[in-house]
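One structure, pasted below without further comment.
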There are 2 protein chains.
Amino acid sequence: MHSETDDVRLDPPRAGRVDAVDRKLLGLLLEDATLSYAELGRLVHLSAPAVHERVKKLRRAGAIRRTTVELDGTLLGRPLLSFVEVETSGWGKTPDMLALRADPRVEEMHSVTGEACVLLKVRCTDTRDLEDLLHRIYAIEGVKGTRSTVALQTFLERGPQP
Amino acid sequence: MHSETDDVRLDPPRAGRVDAVDRKLLGLLLEDATLSYAELGRLVHLSAPAVHERVKKLRRAGAIRRTTVELDGTLLGRPLLSFVEVETSGWGKTPDMLALRADPRVEEMHSVTGEACVLLKVRCTDTRDLEDLLHRIYAIEGVKGTRSTVALQTFLERGPQP
DNA sequence: GGTGAAACGCTCTGGTG
DNA sequence: CACCAGAGCGTTTCACC
């Protein structure tokens, strides 16, 4: 008498069951999180309180991390998007490296497989600004080198899909 | 007669003036877009209608692309984040390549400098699922090779900052 | 561009099936 | 787990400065 979620690799840590309606709600909220519960209810054929309850659950379960606004980096003065691979001696995750998160130009930081230890996604004002950021990165203890890849054009940019 | 959009840098194309209060509002909305205009007004010392007006302007100007929810890829069943560089013969931007955007595993697609032409950010269920996606990529006309970098741990992941 | 007042509509809680 | 009803409050428009 195993539940049907048993074979999903020992249960995603209390995702708490995300059914088809939930996924539709997540899709709709991804497009426009200002939709009212009343409207959402119409779109999934449920009452507003029912939708409210489901969304609240999705928040508590963590499937919805938060409600936020998506900004335009170019319009805000940072048109230069780049990916910077950072090679370090030893393990890259040092306090100095993590402190880079406070820099508004740094949007992502991952430890990764491959020749580099850390991969950064950064958005800068111009090449001068990127150079400045690279200087800051090289100042970090243990950084041996970097390899920057500049984005020429962005065809798609979004978060996790439902 | 030239419209004011003719010169594409010399003035961020009608960013329309984003002052300190706007940036503070953007910062607050980034953290929590469910904040009421009343609350935002308290935080920036303005009335609710004034805040409403500013946010509406920021939307129209495009600084705020949209209001959305941030989902947890792991909880939704895609714990494996990777970056895939795609090398192509000729220019990578083909209709087949762009069609990849319909795949929910693909979160970002940029044309980039360097050895690869296209960089993808993808989120998969597991390595088997990533392999399946790579097969799909290799099936695209003109694709010569790929190089995948797997994220071991994510220390920061967010959008453009104000 | 900001303010205050007021009407409307939505959220959100309880109680019920 | 979904629905209905209702109280409360936020949004949104208006006239005015």
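Residue numbers start from 1 in every chain, and the chains themselves are labelled A, B, ... in the order their sequence lines are given, proteins ahead of strands.
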Roughly, in whole Å, what's the span from CD in A:Glu39 to P in D:dT11?
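For the pair A:Glu39 CD and D:dT11 P, the rounded distance is 18 Å.
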Using whole Å, what does the distance between atom P of nucleotide D:dA2 and atom CZ of A:Arg42 come to?
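Rounded to whole Å, this separation is 18 Å.
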How many Å lie between OH on B:Tyr37 and C1' on C:dG2, as a whole number?
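Rounded to whole Å, this separation is 17 Å.
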With the threshold set at 4.0 Å, does a side-chain nitrogen-carboxylate oxygen contact exist between A:Arg105 and A:Asp103?
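A salt bridge is present here (some side-chain N lies under 4.0 Å from a carboxylate O).
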Note: B:Lys144-B:Glu87 ion pair, threshold 4.0 Å (strictly below):
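No.
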Side chain of A:Arg54 only, please: which of D:dC1, C:dT11, D:dT11 is the nearest?
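Output: D:dC1.
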Check the distance between C:dT11's P and B:Leu35's CG and give it to me in whole angstrom.
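Checked: the CG to P distance equals 16 Å.
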Are side-chain heavy atoms of B:Glu39 and B:Leu43 found at a separation under 4.5 Å?
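B:Glu39 vs B:Leu43: side chains touch.
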Rounded to the Å, how far apart are A:Glu53 CD and C:dC10 P?
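Nearest whole value for this atom pair: 20 Å.
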Do the side-chain N or O atoms of B:Ser47 get closer than 4.0 angstrom to the phosphate oxygens (OP1, OP2) of C:dT3?
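For C:dT3, OP1 or OP2 has a side-chain N or O of B:Ser47 closer than 4.0 Å.
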Treat each ILVMFWY residue as a node, draw an edge where side-chain heavy atoms are under 4.5 Å apart, and state whether B:Leu30 and B:Leu25 are in one component.
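Both belong to a single hydrophobic cluster.
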Of the options D:dT13, D:dT11, C:dT3, whose atoms approach the side-chain atoms of B:Lys56 most closely?
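When the side chain of B:Lys56 is considered, D:dT13 is the closest of D:dT13, D:dT11, C:dT3.
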What is the distance, to the nearest angstrom, from the NE2 atom on B:His45 to the P atom on C:dT3?
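Spelled out: NE2 on B:His45 to P on C:dT3 is 12 Å.
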Considering only side-chain heavy atoms of B:Lys57, which listed nucleotide, D:dT11, C:dG2, C:dG1, is closest?
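Closest nucleotide among those given: C:dG1.
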Closest to the B:Pro49 side chain, choosing from D:dG10, D:dC1, C:dT3:
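Minimum distance to the B:Pro49 side chain belongs to C:dT3.
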B:His52 side chain: which of D:dT11, D:dT12, D:dC3 is closest?
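Of the candidates, D:dT12 comes closest.
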What is the distance, rounded to the nearest whole Å, between atom CG of B:Leu46 and atom C1' of D:dT12?
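The answer, rounded to whole Å, is 16 Å.
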